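Along the sequence shown, residues carry numbers from 1. Values below: all heavy atoms of this structure, side chains included; hydrogens, waters and symmetry mates excluded. Predicted, not measured: the structure shown is a model, and the values here were computed from it.
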Amino acid sequence: MQARKSVRGYQQKPVPREVIEEILSVAKWSPSSMNTQPWHVHVVTGEPLDRIRRGNTENMVKGVPPKRDFLMKESYEGIHRKRQVDIAIQLFESNPTCQVQ
């Protein structure tokens with residue numbers, strides 16, 4: 001935490017594909033709440049990225065409130081619920097004072 005820094009100035013040169021692939025390879029091991037892994041990753045470059053940048057800039061200038069990438073629900077569903085249950089079972093089975101039924 002003491003070494004954390006925020007970078008807000010970026011170079012104009014593109015990030016090599018190998019670097020992006022390495023970042024994603026490492027990031028897939030990052031923790032998530034109850035191992036639900038509620039993310040989907042999309043990498044965009046070129047003209048689609050330029051359109052996203054323009055749209056974000058226009059929205060910010062207009063004062064449009066930012067939107068979350070995904071909505072939080074009261075409870076998980078589908079594969080996210082299965083992951084939540086699976087990790088809970090593993091946790092309880094690792095503790096000899098807990099019994100899973």
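In summary, K82 and D86 engage in a salt bridge, as defined by a charged side-chain N under 4.0 Å from a carboxylate O. With salt bridges taken as basic N to acidic carboxylate O contacts below 4.0 Å, none links R54 and E58.
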Just list the side-chain donor-acceptor pairs under 3.5 Å for residues 11-23, sequence neighbours left out, or say none.
| residue | atom | partner | partner atom | Å |
| --- | --- | --- | --- | --- |
| R17 | NE | E21 | OE2 | 2.8 |

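Side-chain contact between H80 and Q84 is absent, with no heavy atoms from C-beta onward closer than 4.5 Å. Residues N56 and M60 have side chains not in contact (no heavy-atom distance under 4.5 Å, counting atoms from C-beta outward).
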